[in-house]
Amino acid sequence: MKVLHIIKSLGRGGAEMLLQETLLQHNKNDFEFHYIYFLPWKNQMVAGIENAGGRVINLSAKDNIRIMLKAEQIIKYIRQHNIDVVHCHLPWAGFVGRYIFSRTKVPVLYTEHNKQERYHNITKVLNKISFNKQTAVIAVSNDVAESIEKNIHPSIPVHTILNGVNVEHFKKDVESGWEMRKQLGIAENTILIGTIAVFRFQKRLKEWILLMKEVCRKFPDVMGCMVGDGILNPEIRQFLKEQDMESKILMPGLQTNVLPYLSAMDIYLMTSEFEGLPIALLEAMSMECAIVTTNAGGIKELIRNKEDGFTMPVSEWKELYQPLSNLINNPSEIKIWGAKARRRVEESFSIKTMVAQTEKLYRQVKG
């Protein structure tokens, strides 16, 4: 069966990372995977997907309108390569996919990674108009599925398939963690609090910095590390400077290989306002970081407060200071909570389960 994934970019975002990780798990005897993306400068995942056996095509388009104008080229590609199923990710790829479905009747799946309430008004309207003009939808969490039901009232099937992580790949490597600490200039006994994110407003990275400022005021030996990049990068760097935190919070930029950074981190901190089911958080849990986070979106399904990690309501992000303080005061607890986080993903968020459910759905929609 030939499956074509369509996505806006192949930069290092959560949805993009999943394409690479799931490809490594798929049954290559039964499935052949093709990938079309549009933003040529966001291509960090291309090499990994190609190395895993995927065929990647860039149809260069610099904005959403030009993405829609690529529909005819995609239809031509589908016909030339006898594509059986089209699988779209994120809204504008979804809009293209629905148009393609109307023209070709090739089954089109769409994975919804976010709650409808969090989209721009134009996206909300286009979703309501077009959502049922595809074959089926995958929601990455129950929270996302409930949002679809509430806002769109779909007449097509909505399947909840929880995001997963490759626990065999995302496994803590103490040696590479120490080597990364040396490169970053972090002492062996320093507690490192980190995050990995696309620098967007939903991540509330300014709040992350303010929270770390309070932590570092009480615990001067603690360090922070924000791995990533995005549209808000200049603004975040300026804010970091204004808060006089440049010496306490490192910003190594976008990293294709995050394993050494996660191996170096003791605590993984998130202050997000909204989420689907964040891949970076799953990776951090698999890498045995102790987790402290808001309970935004699907995080509520992932982290059971005081069982797998520590959560606070989105509006109470400042209160994350307390579990951070407790962990720093009791460093032996960090490893205990890291082990609990890994056990949680091993038991309930395996990428093998996710891939098996997705392959079953591919066969189902192809009929």
Side-chain angles (χ1 to χ4, degrees), residues 3-8 13-19 22 64 67-68 85-102 105-164 198 200-203 272-282 294-303 313-314 348-349 351 353-366:
V3 179
L4 170 63
H5 287 280
I6 303 176
I7 192 165
K8 188 173 182 177
E16 294 86 348
M17 273 296 298
L18 265 184
L19 293 181
T22 53
N64 293 330
I67 287 174
M68 295 300 296
V85 175
V86 176
H87 189 166
C88 302
H89 305 264
L90 304 173
W92 283 93
F95 300 149
V96 172
R98 293 161 204 170
Y99 174 76
I100 289 168
F101 181 62
S102 72
K105 300 307 175 187
V106 172
V108 171
L109 288 175
Y110 171 64
T111 294
E112 183 57 271
H113 295 266
N114 294 303
K115 295 174 69 172
Q116 300 301 304
E117 292 88 345
R118 299 304 181 182
Y119 283 131
H120 187 280
N121 286 335
I122 293 175
T123 304
K124 289 179 185 177
V125 170
L126 291 174
N127 256 343
K128 285 186 177 181
I129 293 170
S130 66
F131 206 82
N132 290 315
K133 298 176 182 179
Q134 53 196 349
T135 310
V137 174
I138 297 172
V140 301
S141 70
N142 292 316
D143 201 47
V144 168
E146 289 169 6
S147 175
I148 293 170
E149 183 63 38
K150 175 183 174 182
N151 291 279
I152 294 179
H153 311 295
S155 59
I156 58 173
V158 177
H159 305 265
T160 299
I161 299 179
L162 301 176
N163 282 341
V198 179
R200 301 185 184 123
F201 77 94
Q202 73 187 70
K203 304 296 183 180
S272 295
E273 181 180 9
F274 62 90
E275 290 285 352
L277 192 63
I279 303 304
L281 179 55
L282 283 166
T294 56
N295 65 357
I299 294 176
K300 292 189 289 290
E301 299 166 50
L302 177 56
I303 302 291
V314 169
S348 302
F349 294 89
I351 199 166
T353 300
M354 175 192 176
V355 166
Q357 292 174 340
T358 304
E359 288 183 354
K360 181 180 178 181
L361 187 55
Y362 287 156
R363 293 186 178 98
Q364 181 180 324
V365 298
K366 183 173 181 286

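All heavy atoms count here, side chains included; hydrogens, waters and symmetry mates do not.
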request  = Give a yes or no answer on whether the side chain of Asn163 reaches the backbone of Leu277 with a donor-acceptor pair at less than 3.5 Å.
outcome  = yes
key: Test item: Ile351 and Thr22 side chains (from C-beta on) under 4.5 Å apart, heavy atoms   = yes
query = Rounded to the nearest 0.5 Å, how far does CD1 of Ile299 lie from CG of Leu282?
reply = 9.5 Å
ask   = Who are the side-chain contact (heavy atoms from CB on, under 4.5 Å) partners of Phe101, not counting sequence neighbours?
value = Val108, Thr135
request  = State whether the side chain of Glu301 and the backbone N or O of Asn142 hold a donor-acceptor pair below 3.5 Å, judged by distance alone.
outcome  = yes
message = Does any part of the side chain of Val85, heavy atoms only, come nearer than 4.5 Å to the side chain of Leu4, both counted from C-beta?
response = no
inquiry  = With heavy-atom distances below 4.5 Å as the criterion, would you say the side chains of Glu117 and Lys150 are in contact?
reply    = yes
note = CG (Leu361) and NZ (Lys366) are apart, to the nearest 0.5 Å, by 14.0 Å
message = Does Arg118 form a side-chain contact (heavy atoms from CB on, under 4.5 Å) with Glu273? I'd like the steps, not just the answer.
response = CA-CA 10 Å; Arg118 299 304 181 182; Glu273 181 180 9; 4.0 Å; yes
query = So, the side chain of Asn132 versus the backbone of Ser155: is there a donor-acceptor pair under 3.5 Å, distance only?
reply = yes
Any donor-acceptor N/O pair, Ser147 side chain to Gln116 backbone, under 3.5 Å = yes
task = Would you please name every residue forming a side-chain contact (heavy atoms from CB on, under 4.5 Å) with Ala139, sequence neighbours left out?
result = Val144, Ala145, Ile148, Val158, Thr160
query = Can any side-chain N or O of Gln134 pair as donor or acceptor with the backbone N or O of Gly97 at less than 3.5 Å?
reply = no
key: Partner set under side-chain contact (heavy atoms from CB on, under 4.5 Å) for Arg363, not counting sequence neighbours   = Met1, Asp30, Phe31, Glu359
message = With rounding to the nearest 0.5 angstrom, report the CD to OG distance, Glu112 to Ser141.
response = 9.5 Å
query = Who are the side-chain contact (heavy atoms from CB on, under 4.5 Å) partners of Gln202, not counting sequence neighbours?
reply = Arg200, Phe274, Glu275
ask   = Between NZ of Lys8 and CG of Asn64, what distance do you get to the nearest 0.5 Å?
value = 4.0 Å
inquiry  = For the NE2 atom of His159 and the NZ atom of Lys360, what is their distance to the nearest 0.5 Å?
reply    = 10.0 Å
task = Evaluate the side-chain proximity of Ile100 to Ile6: yes if any heavy-atom separation is below 4.5 Å, no if none is.
result = yes
task = Working to the nearest 0.5 Å, report the span between CG of Leu18 and CD1 of Ile7.
result = 9.0 Å
ask   = Which of these, Ile122, Asn121, Leu126, sits in a side chain to side chain contact (heavy atoms under 4.5 Å, CB included) with Lys124?
value = Asn121
message = Give me each pair satisfying side-chain hydrogen bond (donor to acceptor under 3.5 Å, both in side chains) with a member in residues 86-95, each pair once, sequence neighbours excluded.
response = His5-His89, His87-Thr111, His87-Tyr362
query = Taking only residues two or more places apart in sequence, or in another chain, which ones meet Ser130 in a side-chain hydrogen bond (donor to acceptor under 3.5 Å, both in side chains)?
reply = Arg98
